[in-house]
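Below you'll find the structure, written out as structure tokens, and then a few comments.
The analysis underlying the following values was restricted to heavy atoms, covering all of them including side chains, and did not include hydrogens, waters or symmetry mates.
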Amino acid sequence: MAKNIKQKNHEESTTYSKMNTVVLGVLLCLTCFIFWDSKTFAFVWDDTDYIVNNPHITSLGLQSIVSMFKSFYAANYHPLTTLSWAIEYHFWGLQPTAYHVLNIFLHLINVTLVFYFVQALCKDFKISILSAAIFAVHPLHVESIVWISERKDLLYTLFYMASLFSYLSFLKKKQIGYLLLTYLFFILSCLSKSAAVTLVLVLLVIDYYKDRITIKSIVQKIPFLIVSIIFGILAILSQKASSAFNKEILDYSFLNRFLLLCYSVYYYLVSFLFPGTYSALHFYPQTQAALPLQYYIAPFVLLILAAALFSFKKHRKELLFGFGFYVSTIILIIQFFPMGSAVVSERYSYVPYIGLSIMLLLILFKEAKQSKNVKVNTNLILYGASLYILFFAYQSFQRTKTWTSPETLFSDIVDKNPNAYYAYWFRSTARLNANNFEDCIADCTKGLELNPGYTKFYSVRGLALYNSKDYKQAIQDLNIYLTNTIDNGEIYFTRAKCKRELKDYKGTIEDYENALRLNSRLKTAVVYIDLANLKLEMQDINGSNNELDKALALDPKNVDALFNKAVNYFNLNQYKAAIDYFNKA
């Protein structure tokens, strides 16, 4: 009899385990469906810096890999993330599909890791699958998945969650190998993104939840703390090297800076359940005006939540765990040290929302379990949460389309921030690169109306006007820009081409020479041939030959340079030299 009962329990356990796997599989399929269209999306925004123009990813040689680990790039230190791009570049070059597919795949792995982490923490399938589902489809997570540049979010989260899962295994089995594995995954996470340094705080939060805060457990965190400090210093140095600190924050009063900090914490909390206006950029409010109402509401909401932590004794453990996880993982990006042009960024919710999901579900199911109608209330929570998750899934599916191309992304930012000059700056550059010169000019004009002092608009509008063949107006814009920035070779180069069209040969040569002096990448055979032709039109045959010599030094078999030099020698009556160059041509 006992054997039959044991066998029956084993069969039920196996069936239950298989059912759990099926449900998780359905969630992964739904997640893949939501984001699968992103495989056709273009490179956008920072993808140009991180991938298209990133010299570190063009080689997989040992020297290149060492360079990834020894240097900062674009105000960041994330060598493992850069290495992942380099591997893709090696096999697929600049085909964005491969990069997008790997982003989706990494997100699916992260969803799976969240599920197993929560399962190991709570031993409750309902909480595990719902937490994983919220993480999988939350609308604020879209940009972490469909934006290739946010590979660092996906990769650091993978190792971060693997580290937390290993730590739970260590707590359960008391084997030092699991602690060492936790430490290894932590280092890999830090090498993917510096935000991983918060893991030491989350480990302490887990210790609190598992009732094991002791001197020994704290001492165990010292190696983690040392790594956190090292990578924290590297992060500060990388940001400082690229001047990523937002100096405009200094224009705010002390009170307004405090309100900005409160708002950033408040924004992520409110958006967890009630995400509002989605935007790839949430700009700082204007310093000259009163802050929007929600900035003044934020500290009072946070004060109420803080009071709730100590008032609701029944759920204090769950509340402290959830908010402890949330604050630990979001503390680095709540405007203690303002970076960039955004007061909040949706992608920063990727890991912090795991803690909030677990907390909310623990409390809800605990209430249901202690109620009179356990089954009814449990089902109500399951159905309600499922509907909410499906709503999130729909929102994410729609939001994903915004990232199709630079034009669609920046148009969305402009629509959400019609009075932010910086939004028009982003869209104007996207439209310039897409050869949409008319709309680019309109964006620059609007941007200058909003901020006449942002002279970069003149450089972009000048380029668009040149491509629209309005050379005189282009020169006027480029002149204004160059009075404020005299070290931009490409702008001199564009102005030279404008002057060339207007037959201002002397001005063209001067601008060409400045361009070549400031930007060595502009030194091509074509440019020197054009300079040679200009000097020839000015009756300076010897000067023309000098420029042709520079062209041939770069490209000894350039037919145009050889032919033009032959013609020059012919005009100088040096027929033997002319014949020699004609033969070479």
Side-chain angles (χ1 to χ4, degrees), residues 43 45 48-49 52-53 55 406-407 410 421-422 424-449 451-538 540 543-544 546-548 550-551 554-555 558 560-561 564:
F43 291 119
W45 210 351
T48 302
D49 291 327
V52 179
N53 296 329
E407 173 84 16
F410 295 132
Y421 75 91
Y422 215 49
Y424 291 94
W425 161 251
F426 282 125
R427 191 169 68 176
S428 68
T429 57
R431 286 175 164 175
L432 178 68
N433 293 330
N435 297 328
N436 184 358
F437 304 123
E438 183 178 351
D439 288 336
C440 172
I441 292 168
D443 275 348
C444 290
T445 303
K446 178 63 177 178
L448 286 167
E449 288 177 9
N451 186 355
Y454 197 70
T455 56
K456 285 185 177 181
F457 280 118
Y458 289 109
S459 67
V460 172
R461 193 169 69 176
L463 291 168
L465 288 164
Y466 162 73
N467 285 286
S468 300
K469 303 188 186 307
D470 189 349
Y471 305 118
K472 289 184 178 180
Q473 186 59 51
I475 289 174
Q476 288 183 28
D477 274 12
L478 298 176
N479 286 344
I480 296 172
Y481 179 72
L482 287 171
T483 57
N484 295 277
T485 306
I486 61 173
D487 60 349
N488 193 314
E490 291 182 357
I491 298 303
Y492 277 110
F493 189 69
T494 302
R495 193 172 71 172
K497 291 189 287 186
C498 290
K499 290 179 178 179
R500 179 80 163 87
E501 295 292 339
L502 297 173
K503 309 299 182 185
D504 178 5
Y505 301 133
K506 184 179 178 181
T508 303
I509 291 172
E510 288 176 355
D511 278 352
Y512 266 143
E513 289 175 346
N514 281 323
L516 296 171
R517 175 176 55 82
L518 293 167
N519 192 335
S520 59
R521 289 183 301 174
L522 297 172
K523 294 179 179 180
T524 64
V526 173
V527 173
Y528 286 118
I529 290 169
D530 196 34
L531 273 169
N533 291 335
L534 283 167
K535 290 186 177 181
L536 187 61
E537 291 181 39
M538 297 172 69
D540 182 4
S544 176
N546 288 336
E547 301 300 338
L548 291 171
K550 294 174 186 176
L554 294 170
D555 184 4
N558 188 289
D560 290 333
N564 288 356

Rounded to the nearest 0.5 angstrom, the SG-CZ distance for Cys444 and Phe457 is 6.0 Å
Please check if the side chain of Thr508 supplies one atom and the backbone of Asp504 the other of a donor-acceptor pair under 3.5 Å. yes
Working for side-chain contact (heavy atoms from CB on, under 4.5 Å), residues Glu449 and Thr445: CA-CA 6 Å; Glu449 288 177 9; Thr445 303; 4.1 Å; yes
side-chain contact (heavy atoms from CB on, under 4.5 Å), that's the test. Do Asn479 and Ile475 meet it? Break it down for me. CA-CA 6 Å; Asn479 286 344; Ile475 289 174; 3.5 Å; yes
Taking all heavy atoms of Ala474 and all of Gly462, pick out the closest pair and write down the distance. CB-O, 3.5 Å
CD/Glu438 to CG/Leu465 distance, rounded to the nearest 0.5 angstrom? 11.5 Å
Lys497: what forms a salt bridge (charged side-chain N to carboxylate O under 4.0 Å, His left out) with it, not counting sequence neighbours? none
Output every pair passing ring pair (Phe, Tyr, Trp, His ring centres under 6.0 Å) with a member in residues 485-526, not counting sequence neighbours, ordered by first then second residue. Phe493-Tyr512
Please walk me through it: do Tyr481 and Ile491 pass side-chain contact (heavy atoms from CB on, under 4.5 Å)? CA-CA 9 Å; Tyr481 179 72; Ile491 298 303; 3.6 Å; yes
How far does CD1 of Ile441 sit from CD of Gln473, to the nearest 0.5 angstrom? 9.0 Å
Considering residues at least two apart in sequence or located in another chain, which fulfil the salt bridge (charged side-chain N to carboxylate O under 4.0 Å, His left out) criterion with Arg431? Glu407, Asp443
Could you state the interatomic distance from CZ (Arg427) to SG (Cys440), rounded to the nearest 0.5 Å? 10.5 Å
Distance-only, no hydrogens or angles: does the Thr494 side chain make a donor-acceptor pair with backbone N or O of Glu490 under 3.5 Å? yes
Is there a side-chain contact between Asn564 and Ile529 in this structure, where contact means two heavy atoms from C-beta onward sitting under 4.5 Å apart? yes
Do Leu448 and Tyr458 have side chains that get closer than 4.5 Å, going by heavy atoms? yes
For the backbone of Thr429 and the side chain of Asn433, can you confirm whether one donor and one acceptor N or O come within less than 3.5 Å of each other? yes
Residues pairing under salt bridge (Lys or Arg N to Asp or Glu O under 4.0 Å) where one sits in residues 470-485, two or more places apart or in two chains, turn out to be Arg461-Asp477
For Asp511, which residues count as a salt bridge (charged side-chain N to carboxylate O under 4.0 Å, His left out) partner, sequence neighbours excluded? Arg495, Lys499
dist Lys535:NZ -> Asp530:CG (nearest 0.5 Å) comes out at 12.0 Å
Can you name the nearest heavy-atom pair linking Gly489 to Ala515, along with the distance? O-CB, 3.2 Å
With sequence neighbours left out, what residues match Lys456 under salt bridge (charged side-chain N to carboxylate O under 4.0 Å, His left out)? none
From CA spacing to verdict: ring-ring contact (aromatic ring centres under 6.0 Å, His included), Tyr421, Tyr424: CA-CA 5 Å; Tyr421 75 91; Tyr424 291 94; 9.4 Å; no
Measuring from atom CG of Leu478 to atom SG of Cys498, what distance do you get when rounded to the nearest 0.5 angstrom? 6.0 Å
Can you find a heavy atom in the side chain of Leu463 that is under 4.5 Å from one in the side chain of Tyr466? no
State whether a side-chain donor-acceptor pair under 3.5 Å links Asp439 with Asn436. yes
When the ring planes of Phe410 and Phe426 are compared, do they come out parallel, tilted or perpendicular, using 30° and 60° as the limits? parallel
